[in-house]
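Every heavy atom of this structure was used, including side-chain atoms; hydrogens, water molecules and symmetry mates were not. FYI, the numbering just counts along the sequence from 1.
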Amino acid sequence: MPPYRALITVDAEKFSKTSDIGMPAVREAIRSVMRTALGDVGLDWDADVERCDDTGDGVIITLTDERVHLLVDAVHYLNRELRKRALRFDGPSLRLRAAVHCGPIDPAEGSGAAKIEVCRMSDAEVGREALRATASRVALLVSDQVFRTVVRGQGYAETVEESMFHRVDTPIKNGTLTVWVHVPANDWHPSSTAPAAASAATPEASAATAAPPPASPARAGQVHIGSVSGPSVVAETFNGGISHTTNSDIVHGHKGDNVYGDKQIGGAQDAG
């Protein structure tokens with residue numbers, strides 16, 4: 001079995017809008033801020049980073065071991081470094097989506113299911129949504145495995161609390177992936193995408209499923225109509241006289257003062 005490795009991927013927001021001339025500067029800026037953030041948690045770029053693979057709009061960094069809690073903490077320092085650069089107008093202004101995961105990785109090829117999963121996490125729409133909504137300069141997604149082992153109850157990560165994360169079950173190509181989302185400013189919450197039942201229902205459907213109004217009490221000299229079904233009206237009590245509704249064709253009555261058998265309402269002939 002391949003050894004476990006801690007993984008972090010970062011992707012630049014709106015990278016596709018960067019000109020060809022500006023792309024190398026953005027890529028270099030990403031590597032620079034990542035080098036600084038990892039150093040702030042005690043990770044040496046040369047000694048502790050096994051691989052740094054370019055993804056086009058970011059990088060995937062593989063550590064030489066499974067100290068994934070340090071990658072979670074590094075996001076705090078990453079956000080601080082990005083903010084400092086923006087205030088100093090130091091190079092391209094960056095806002096990043098980050099995803100952290102851990103799993104078996106082939107050290108020779110740098111491949112493994114964990115790398116595919118961390119890329120899917122980074123590409124999830126919820127990460128883009130969180131980054132758009134927050135004042136932070138980075139949005140972090142961690143896998144359920146990382147959240148349970150590093151954040152919840154264990155206290156391995158020193159810069160975050162369990163309450164700072166929000167669980168999101170995000171759709172992916174072959175199913176659903178559970179991720180936990182955190183923004184350092186703690187100013188984002190998942191939005192509800194489920195439409196309200198009232199707004200989803202059409203007026204016709206609402207009318208069809210609406211309960212019929214309660215029947216009025218019967219009075220002497222009237223036909224009391226109990227319920228309507230199709231073209232027929234089923235009567236409950238007849239105390240004389242006949243009343244009918246617009247949609248009724250036939251009154252099926254019991255023997256009363258004025259009704260004997262069936263009466264055709266509004267028709268050419270009566271039965272009885």
Side-chain angles (χ1 to χ4, degrees), residues 5-15 30 33-43 55 57-63 66-86 93-103 114-172 176-193:
R5 294 288 187 260
L7 303 163
I8 183 170
T9 177
V10 293
D11 297 289
E13 183 183 51
K14 300 179 180 178
F15 183 81
I30 291 174
V33 294
M34 287 305 300
R35 184 188 295 265
T36 300
L38 294 181
D40 287 338
V41 295
L43 291 171
T55 62
D57 59 352
V59 295
I60 301 177
I61 295 173
T62 306
L63 297 187
E66 55 190 272
R67 288 180 290 171
V68 68
H69 63 289
L70 294 181
L71 296 182
V72 173
D73 284 334
V75 171
H76 169 80
Y77 297 100
L78 176 61
N79 183 69
R80 185 180 70 175
E81 182 65 19
L82 291 172
R83 184 173 180 273
K84 286 165 55 179
R85 287 173 61 93
S93 179
L94 294 176
R95 303 184 80 237
L96 303 175
R97 300 186 311 275
V100 173
H101 191 29
C102 187
K115 181 170 282 190
I116 297 173
E117 290 168 0
V118 78
C119 289
R120 287 177 175 170
M121 290 165 54
S122 179
D123 195 47
E125 179 59 30
V126 67
R128 293 181 171 86
E129 175 190 324
L131 190 57
R132 285 193 299 265
T134 183
S136 302
R137 304 199 69 84
V138 61
L140 169 65
L141 289 78
V142 303
S143 64
D144 190 51
Q145 172 191 352
V146 169
F147 179 79
R148 288 184 286 104
T149 57
V150 172
V151 179
R152 173 178 287 169
Q154 304 302 324
Y156 293 125
E158 298 178 354
T159 60
V160 293
E161 300 289 343
E162 179 180 344
S163 60
M164 297 177 179
F165 286 80
H166 302 280
R167 172 176 172 159
V168 178
D169 294 322
T170 183
I172 58 173
T176 301
L177 183 66
T178 297
V179 296
W180 294 82
V181 186
H182 164 68
V183 292
N186 203 28
D187 59 353
W188 174 84
H189 297 275
S191 63
S192 175
T193 58

Return yes if some donor-acceptor pair links the side-chain N/O of [X] with the main-chain N/O of [Y] below 3.5 Å, else return no.
X: Asn79; Y: Arg137; result: yes
X: His182; Y: Met164; result: yes
X: Asp57; Y: Ala12; result: no
X: Asp11; Y: Leu96; result: no
X: Thr170; Y: Leu177; result: no
X: Arg97; Y: Leu131; result: no
X: His166; Y: Trp188; result: yes

query: Taking the six-membered ring for Trp, are Trp180 and Phe147 ring centroids under 6.0 Å apart?
result: yes
So, do [X] and [Y] sit near enough that their side-chain heavy atoms are less than 4.5 Å apart?
X: Leu94; Y: Ile30; value: yes
X: Cys119; Y: Ile60; value: yes
X: Val33; Y: Leu78; value: yes
X: Ile61; Y: Leu7; value: no
X: Val75; Y: Leu71; value: no
X: Phe165; Y: Val160; value: yes

message: Students often mix this up, so state it plainly: with edges at 30° and 60°, are the rings of His69 and Tyr156 parallel, tilted or perpendicular?
response: tilted
- prompt: So, are Asp144 and Arg167 salt-bridged, with charged N and O less than 4.0 Å apart?
  reply: no
Looking only at heavy atoms, what is the nearest atom pair of [X] and [Y], with distance?
X: Ala185; Y: Thr134; value: CB-OG1, 3.9 Å
X: Cys102; Y: Gln145; value: O-OE1, 3.3 Å
X: Val168; Y: Val181; value: CG2-CG2, 4.1 Å
X: Val100; Y: Met121; value: O-CE, 3.5 Å
X: Gly103; Y: Ala114; value: CA-CB, 3.7 Å
X: Met34; Y: Val10; value: SD-CG1, 3.8 Å

Candidate pair Lys84 and Glu81, rule salt bridge (charged side-chain N to carboxylate O under 4.0 Å, His left out), full reasoning: CA-CA 5 Å; Lys84 286 165 55 179; Glu81 182 65 19; 3.7 Å; yes
- prompt: Is the number of heavy atoms from other residues, nucleotides or ligands within 6.0 Å of CD (Glu158) greater than 12?
  reply: no
message: Taking side chain to side chain donor-acceptor pair (under 3.5 Å) as the definition, give me every residue that meets it alongside Arg83, ordered by chain and number, with sequence neighbours left out.
response: none
field: Any side-chain donor near an acceptor of the partner, Thr176 and Asp169, under 3.5 Å
entry: no
- prompt: Out of curiosity, Arg80 CZ to Asp40 CG, how far, rounded to the nearest 0.5 Å?
  reply: 5.0 Å
message: Leu141 vs Val126, test: side-chain contact (heavy atoms from CB on, under 4.5 Å). Steps then yes/no.
response: CA-CA 9 Å; Leu141 289 78; Val126 67; 3.8 Å; yes
field: Pairing residues for Glu125 by the side-chain contact (heavy atoms from CB on, under 4.5 Å) criterion, not counting sequence neighbours
entry: Arg128, Arg132
